[in-house]
Amino acid sequence: MRIATWNVNSLTAERIDRVVGWLDIAQPDVLCLQETKQTDDAFPALDFHARGYASVHHGEGRWNGVAILSRVGLDDPVPGFADGEPADDEARLVTATCGGVRVSSVYVPNGREVGHDHFRYKLRWLARLRAHVRADVPAAGSTGGQGRPGEPVPRAVCGDFNVAPDDLDLWSPAAFEGSTHVTPEERAAVAELEALGLRDVFREQYPGVGDLFSWWDYRAGAFHKHRGMRIDLLLFSSDLADRVTWALIDRIARKGSKPSDHAPVFADVEVDPPS
DNA sequence: ATGGTCGCGCAGCGA
């Protein structure tokens, strides 16, 4: 089972061709999208359905917007946090069961500047994501669901975390001194999420290897200068993480005209197909 | 060269 994530930086008519083209080439079983910037009505579900993908979208229009595409089933979709607290104003999280895996597509707030209100929102958001993972369980007896309420299920939390977990995930640690994405607070928030048993499966495939980035600034030729960050993560529960055979960032998808500023990331897991 | 480019939407903000 191939599980992928891609911040597409909008799903306009121009970008949809790139996404559909990537589905045809990469053949993911599950693809988590972020920054669709579409309303639910405008989300091009039919383009995906025509290629065998069911989908769920949680959008608001101009900004944010997340989706999950799956060709191994898609059940019990939940928009936003399942922590019982008031709904988030912004469409940054959607969760569904795909092929027996509880999948979340996440778009963590950027933070803007350290100390900014939006930075505090980012930290609160990551804390809420942790609460969501603890609280969210698929309905008992649902198709593809392997867990009963209260029992852990295979889980994949995938998306744009806007946090580089380690200096190894930066083209230049010095270039990010004092900026967001690298602070101890942000890294601790991701580490607390991982403390629930979730593992950064891309990093596990490439321990100690630098220059593996998933985002490059549009400006100043950053992509061609290999000046990027690894901020798009696949966090898998251990039962899945133990069965990952390989993972890749498809930086080819960052090339050409009108690319997203992010590249897709995927991991392959040896799992039994849903019965 | 202390900026540089995108997307959204039509000014200027957000990333």
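Throughout, a chain's letter reflects where its sequence line sits, starting with A, and its residues are numbered from 1. Given the structure is predicted, the values throughout are model-derived calculations rather than measurements.
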### Among B:dC8, B:dC6, B:dA15, the one nearest A:Tyr218 by side-chain distance
B:dC6
### Remaining members of the apolar cluster that contains A:Trp171, side-chain heavy atoms under 4.5 Å
A:Leu170, A:Phe176, A:Val182, A:Phe213, A:Trp215, A:Trp216, A:Phe223, A:Met229, A:Ile231
### Query
Are A:Arg62 and B:dG9 close enough that a side-chain N or O sits under 4.0 Å from OP1 or OP2?
yes
### Message
Using the C1' atom as the point on both nucleotides, what is the distance between B:dG3 and B:dC8, in whole Å?
### Response
22 Å
#### Entry: Between CZ on residue A:Phe161 and CG on residue A:Leu235, distance to nearest 0.5 Å
4.0 Å
### Task
Identify, between A:Leu11 and A:Pro109, the residue whose nearest nucleotide on DNA chain B lies closer to the 5' end.
A:Leu11
### Query
Hey, does the side chain of A:Ser10 come within less than 4.0 Å of B:dC6's phosphate (OP1/OP2), counting only N and O?
no
### Task
Quickly work out the A:His262 NE2 to B:dG7 P distance and round it to whole Å.
13 Å
### Query
Would one find a side-chain N or O of A:Lys258 under 4.0 angstrom from OP1 or OP2 of B:dG7?
yes
### Task
Show the numbers, then the answer: is there a ring-ring contact (aromatic ring centres under 6.0 Å, His included) between A:Trp63 and A:Tyr107?
CA-CA 11 Å; A:Trp63 309 111; A:Tyr107 177 45; over 10 Å; no
### Query
Roughly, in whole Å, what's the span from CD1 in A:Ile231 to P in B:dA15?
12 Å
### Task
Rounded to the nearest angstrom, tell me the gap between atom CG in A:Asn64 and atom P in B:dA15.
8 Å
### Message
Given 3.5 Å as the limit, does a donor-acceptor pair link the side chain of A:Arg15 with the main chain of A:Val8, or not?
### Response
yes
### Summary
note: A:Gln38, atom CD; B:dG7, atom P; distance rounded to Å ~ 13 Å
### Query
Whole-Å distance between B:dT5 C1' and A:Asp261 CG?
9 Å
#### Entry: Heavy-atom neighbours of A:Arg134 CZ exceed 12 at 6.0 Å
no
### For atom CZ of A:Phe223 and atom C1' of B:dG4, their distance in whole Å
17 Å
### Query
Which whole number of Å gives the distance between the C1' atom of B:dA1 and that of B:dG9?
30 Å
#### Entry: Gap between atoms CG and C1', on A:Asn9 and B:dC13 respectively (whole Å)
14 Å
## Note on the structure
To the nearest angstrom, the CG-P distance between A:Asp217 and B:dT5 comes to 10 Å
### Query
Taking the side chain of A:Ala220 as its heavy atoms from C-beta onward, which of B:dC8, B:dG4, B:dA15 lies nearest to it?
B:dG4
### Query
So what does A:Arg15 hit on the nucleic acid, given a heavy-atom distance under 4.0 Å: a base, only sugar-phosphate, or nothing?
sugar-phosphate
### Query
Any idea which of B:dG4, B:dG7, B:dA15 is nearest the A:Glu35 side chain?
B:dA15
### Task
Can you tell me, in whole Å, how much space there is between the P of B:dG7 and that of B:dT2?
25 Å
